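Data first, discussion second: the structure below is written as structure tokens.
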Amino acid sequence: MIISEHIFTLMREQGISQKELSDKTGISQSTISDWKRKKTNPSADKLHTICDALHITLNELLGDTGGGDIPAGCVLVEKGSEEYNFLMEYRTLPQKYKERLKGYLSALKDVEEKR
């Protein structure tokens with residue numbers, strides 16, 4: 001199930017219309033309608049707002065069952081956490097520095113393994 005399908009399932013279960021979701025999130029009704037019509041997902045920056053409006057966690061939204069499972073291959077980090085901030089900084093680095101950082105990580109793991 002794609003995320004937007006899960007959103008519409010939750011909306012139906014909670015009796016929330018597209019207009020109500022729009023009012024609660026500030027996301028236009030046409031955008032919400034597009035998710036359904038075009039079978040697309042909301043942008044990542046809207047997910048927390050949607051979760052707040054539906055009174056669910058991001059973990060519940062991203063899990064197909066609504067039981068809080070994180071989809072296979074995904075890692076969930078708390079926004080504002082040290083890990084999150086590190087990842088955001090990593091994303092802004094030029095590729096040559098990303099490779100250098102990977103080298104540092106590899107060297108650190110080697111040091112730890114020798115202990």
Side-chain angles (χ1 to χ4, degrees):
M1 180 181 299
I2 63 172
I3 295 169
S4 60
E5 289 173 341
H6 198 196
I7 291 169
F8 288 107
T9 298
L10 292 164
M11 288 169 58
R12 189 172 47 255
E13 289 171 357
Q14 295 181 23
I16 296 174
S17 69
Q18 290 183 29
K19 180 177 182 346
E20 289 171 306
L21 185 64
S22 174
D23 291 344
K24 290 180 177 187
T25 61
I27 300 167
S28 72
Q29 276 186 265
S30 62
T31 298
I32 294 170
S33 178
D34 281 350
W35 301 336
K36 190 170 200 170
R37 194 169 34 83
K38 296 178 182 177
K39 295 198 182 304
T40 58
N41 286 321
S43 58
D45 64 323
K46 292 179 176 36
L47 296 181
H48 281 286
T49 305
I50 294 166
C51 288
D52 289 345
L54 296 174
H55 307 290
I56 59 170
T57 65
L58 184 57
N59 216 9
E60 290 169 319
L61 177 60
L62 296 179
D64 276 359
T65 63
D69 296 330
I70 298 172
C74 294
V75 176
L76 185 66
V77 294
E78 182 83 24
K79 188 173 184 178
S81 69
E82 189 174 358
E83 260 184 304
Y84 175 86
N85 293 335
F86 181 83
L87 290 170
M88 294 301 102
E89 287 294 325
Y90 175 82
R91 287 181 172 183
T92 65
L93 292 173
Q95 188 59 38
K96 68 180 183 176
Y97 294 132
K98 288 179 181 179
E99 293 303 319
R100 205 165 161 187
L101 185 55
K102 289 176 191 175
Y104 292 145
L105 288 172
S106 179
L108 287 170
K109 286 193 319 191
D110 288 345
V111 169
E112 277 300 306
E113 288 173 4
K114 291 178 182 175
R115 285 184 167 189

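Everything quoted here is computed from the prediction, not taken from an experiment. For the numbers below, each heavy atom of this structure counts, side chains included, while hydrogens, waters and symmetry mates do not.
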So, do K46 and T25 sit near enough that their side-chain heavy atoms are less than 4.5 Å apart?
no

Could you check whether any side-chain heavy atom of I27 comes within less than 4.5 Å of a side-chain heavy atom of L21, counting everything from C-beta outward?
no

State, to 0.1 Å, how close [X] and [Y] come at their nearest heavy-atom pair, and which atoms those are.
{"X": "I2", "Y": "K39", "value": "CD1-O, 3.5 Å"}
{"X": "W35", "Y": "P42", "value": "CZ2-CB, 3.3 Å"}
{"X": "I16", "Y": "A53", "value": "CD1-O, 4.4 Å"}
{"X": "Q95", "Y": "K102", "value": "NE2-NZ, 4.5 Å"}

Single-linkage hydrophobic cluster Y90~Y104, side-chain heavy atoms < 4.5 angstrom:
yes

Check whether more than 12 heavy atoms from other residues, nucleotides or ligands sit under 6.0 Å from atom OH of Y97, and answer yes or no.
no

Mark yes when over 12 heavy atoms from residues, nucleotides or ligands other than R37 sit less than 6.0 Å from its CZ; otherwise mark no.
yes

Pair E112 + R115: basic N to acidic O under 4.0 Å:
yes

Taking the basic N atoms (NZ, or NE/NH1/NH2) and the acidic carboxylate oxygens, is any pair closer than 4.0 Å for K114 and D110?
no

Which pairs of donor and acceptor atoms, one on a side chain in residues 81-88, lie under 3.5 Å apart (sequence neighbours left out)?
from : atom 1 : to  : atom 2 : distance (Å)
S81  : OG     : E78 : O      : 2.7
S81  : OG     : Y84 : N      : 3.2
N85  : ND2    : G80 : O      : 3.4
N85  : ND2    : S81 : O      : 3.3

Side chain to side chain contact (heavy atoms under 4.5 Å, CB included) between L47 and N41: does it pass, once the steps are laid out?
CA-CA 10 Å; L47 296 181; N41 286 321; over 6 Å; no

Rounded at 0.5 Å granularity, tell me how far [atom1] in [X] sits from [atom2] in [Y].
{"X": "K36", "Y": "M11", "atom1": "NZ", "atom2": "CE", "answer": "7.5 Å"}
{"X": "S4", "Y": "I50", "atom1": "OG", "atom2": "CD1", "answer": "9.5 Å"}
{"X": "L58", "Y": "H48", "atom1": "CG", "atom2": "NE2", "answer": "5.0 Å"}

S22 side-chain N/O to Q18 backbone N/O, donor-acceptor pair under 3.5 Å:
no

Run I7 and I32 through side chain to side chain contact (heavy atoms under 4.5 Å, CB included) and show every step you take.
CA-CA 10 Å; I7 291 169; I32 294 170; over 6 Å; no

